[in-house]
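Inspection log for the structure reproduced underneath, given as structure tokens.
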Number of protein chains: 2
Amino acid sequence: MAKRAGVSVSTVSNVINGRHAKMGARTLRKVQEAIDELNYTPSAVARQLKSGQIKMLGLVVPSVANPFWGTASQLIEKAALKRGYQVLICNTERDPELEANYFSSLYASSIRGIILGSSPVSFDHLSEHAKNGMIIGAFDRATQGANDIVSCSVSVDQTLGARLATRHLIGLGHKRIGFISGPIGTSSRTARVEGMRSELEKAGLTPDPDLIWVASNATGFGDSHAAELGRTGIRELLTLDEPPTAVFTVNDMYAIGICSGARELGFRVPADLSVVGFDDILMAKVMEPPLTTIRQPVEQMAELMVQKLIDTLEGVEGDGDAHVVLRPELMVRSSTAAPRN
Amino acid sequence: MAKRAGVSVSTVSNVINGRHAKMGARTLRKVQEAIDELNYTPSAVARQLKSGQIKMLGLVVPSVANPFWGTASQLIEKAALKRGYQVLICNTERDPELEANYFSSLYASSIRGIILGSSPVSFDHLSEHAKNGMIIGAFDRATQGANDIVSCSVSVDQTLGARLATRHLIGLGHKRIGFISGPIGTSSRTARVEGMRSELEKAGLTPDPDLIWVASNATGFGDSHAAELGRTGIRELLTLDEPPTAVFTVNDMYAIGICSGARELGFRVPADLSVVGFDDILMAKVMEPPLTTIRQPVEQMAELMVQKLIDTLEGVEGDGDAHVVLRPELMVRSSTAAPRN
DNA sequence: CAGATTCAATAATACGTTACACAAGATATG
DNA sequence: CATATCTTGTGTAACGTATTATTGAATCTG
């Protein structure tokens, strides 16, 4: 306590909070001097205890080691900072137990605003936290009608994205199109398979279940090893009797692994195999070959998410709907081409 | 306060902290029941205020959007969590003002352990914080004798890394070797240029200043756009009258951009241009062509860093030196080859 | 000039914990 | 039986801040 100024606590509190409108010039100067001298900083912890408020958001993601989430985290942090909030990043590696621990820990720290970027298909396990006053925003995943639990959300139309990708491949003349994904644990992944399936049917093609490769949960690979999984998946698909001529996959890291795995087996991209990713991470544009992918407008998503979450957290009447679904965009680059014959 | 149990605060505190050794079974049960019923969670904020301690580390990095830092952050978070610490990630984008703000903010939040992964060459601007009791650990950067400010550090021998890369290229027969880097603002980058220069001289080659491309500070690209910078750099070098036949660069993201930029100009990697990166991010292995690079043992570095920082933070006598410098390793892959003739 | 009003700064309280000293009842000791 | 010892649980003071009510002094009013 800087009552080194020969003045009361309240007075110090007043000057710090800028309530020196009607204060003696002399007292004010004395306080200022004491602050400088001891270079005193008010304790954020004490403030939080007093106010019950804490200007911090929790960000729960699979792993910042995955460039999509790394970029998203950075953008979310930036957007939050602009509104005076800090962001506590939690890497769950899609482990439900870890996720639960994070939530408890965030709750204990009085953090009441959470951006959820990963989670099993259902939100049920979070309903208790929501009841206890946690405000949960879903990022990059549909809310599936759990609007009592999730108060706002920003995502991309996953099904549409999958349709765009599939339509593009069909348009090039592909008939055997594969799909590669990690364990289908999240709704966004589920939606992507479905979108692809329905588009195939619309074109009169029958989806071949053998071409849907889904990593088993047992693999134990977290999101940090997505490329590794893509590599494993494509090796299995390409050694089938009738391998696919194109693959669509759940994110660009998988796509990178797929390209690598295909090359190991002597397949050239796109001559022997077309590949479509999802996300459009920075890398997609500069890799070889530049990746055809479905773009998510991450920057805009980050901005919107933070804005909506903080608005509901602070009880501000936000403009627009609490749940926004943006349109993904097909970025045609060089990893796709017509099949060989 | 859950004195809904009909019992005193102290008693509740006791059971929560596991001091029920000599407690009536009946009282204990009553408290437990009350806890369950209100699903009561002790306030971490109040605890912190009382104890003055907060089990949280600050992690200051250029940007988690850069996969090297994304991976490092994830590993550091994981290591910290094992010891019961949370990690607050701060993306500075190498902006000194932002960095200063982060430090003040961390200080105000009573966070006293900081892992510093980015910073201008000197540590002087941190000396005040160090005096105020902040424990600063340097990650992936030399401490340059500022041991009064930086209490522990984990890094790789930057100069050796640069020498390994240069020696490899010289061994392949290259004589005109370029260097591409962002603004030389950190000691690690400085060391890398120097290592290269000295190895060239050792081989009897004269370093050509025209081949050293350093982004100006004005470019305004943060670390999130490293690949973009590499692309820009290589375009300038390759349009010289006597372009280099090989380049060494400061990190793998630059290398990826370099490969892309070279291809745009019709140069093939490695036939027309050899490229050596730094870091060995996961992507390096799966890109096309697989990247020859200098490997940093990030996992080990993260473990060591967290261990040393928490040890000094808690006043534990750690084993081994407070400052460790690990050996980088040359990973020869396919982005390097002998020059064309 | 006595009483009412304004002004500037302070004292008191609460936020939810933990640590410590202490109280009341039970049991043991001489 | 009086005292000492143990058992089990309680009361209270901090931690550093923000808010509210309150003081004492100075100025105004009729």
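The chains referred to below are lettered A, B, ... by the order of the sequence lines, with proteins before strands, and numbering in each begins at 1. Here the structure is a predicted model, which means the values were calculated and not measured.
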Provide, to the nearest angstrom, the distance between the CZ atom belonging to Arg19(B) and the P atom belonging to dT10(D). 14 Å
In this structure, how many angstroms lie between the P atom of dT17(D) and the CD1 atom of Ile16(A), rounded? 7 Å
Show each protein N/O and nucleotides 11-14 of chain C N/O combination with a separation under 3.5 Å, one pair to a line.
{"unit_1": "dA11(C)", "atom_1": "N7", "unit_2": "Ser10(A)", "atom_2": "OG", "d": "3.2"}
{"unit_1": "dA11(C)", "atom_1": "N6", "unit_2": "Ser10(A)", "atom_2": "OG", "d": "3.1"}
{"unit_1": "dA14(C)", "atom_1": "N3", "unit_2": "Lys50(A)", "atom_2": "NZ", "d": "3.1"}

Closer than 4.0 Å, any side-chain N/O of Arg47(A) to the OP1 or OP2 of dA18(D)? yes
When you check the side-chain N and O atoms of Glu77(B) and Asn91(A), is any donor under 3.5 Å from an acceptor? yes
Table of protein N/O atoms under 3.5 Å from nucleotides 6-8 of chain C N/O atoms:
{"unit_1": "dA8(C)", "atom_1": "OP2", "unit_2": "Lys22(A)", "atom_2": "O", "d": "3.4"}

Need one value for Ser43(A): base, sugar-phosphate or nothing, where a base atom within 4.0 Å counts as base even if backbone is also close, heavy atoms only. sugar-phosphate
Once rounded to the nearest 0.5 Å, what's the spacing between atom CG of Leu326(B) and atom CG of Leu304(B)? 6.5 Å
Could you give the CG-to-P distance, from Asn17(B) to dG9(D), as a whole number of Å? 16 Å
Using whole Å, what does the distance between atom C1' of nucleotide dT17(C) and atom CG of Leu49(A) come to? 8 Å
Sidechain-backbone polar pair: Ser127(B) side chain, Phe123(B) backbone, donor-acceptor under 3.5 Å: no
Rounded to the nearest angstrom, tell me the gap between atom CD in Gln48(B) and atom P in dT17(C). 12 Å
Is it the case that over 12 heavy atoms from other parts of the model lie below 6.0 angstrom from the CD atom of Glu33(B)? yes
Please check: side-chain N/O of Lys308(B) versus main-chain N/O of Ser151(B), any donor-acceptor pairing under 3.5 Å? no
Starting at atom CD1 of Ile54(B), determine the distance to atom P of dT17(C), rounded to an integer number of angstrom. 16 Å
At under 4.0 Å between heavy atoms, what does Ser110(B) touch on the DNA or RNA strands: base, sugar-phosphate, or nothing? nothing
NZ of Lys55(A) versus P of dA18(D): gap in Å, rounded? 14 Å
Verify side chain to side chain contact (heavy atoms under 4.5 Å, CB included) between Ile114(B) and Tyr102(B), making sure each step is shown before the conclusion. CA-CA 11 Å; Ile114(B) 312 276; Tyr102(B) 275 123; over 6 Å; no
For the residue pair Gln86(A) / Ser105(B), report whether a side-chain donor-acceptor contact shorter than 3.5 Å exists. yes
Mind checking ring-ring contact (aromatic ring centres under 6.0 Å, His included) for His323(B) and listing every partner two or more places apart, or none if nothing turns up? none
Could you state the CG-C1' distance from Asn14(A) to dT19(D), rounded to the nearest angstrom? 10 Å
Heavy atoms of other groups near Glu128(B) CD, more than 12 under 6.0 Å: no
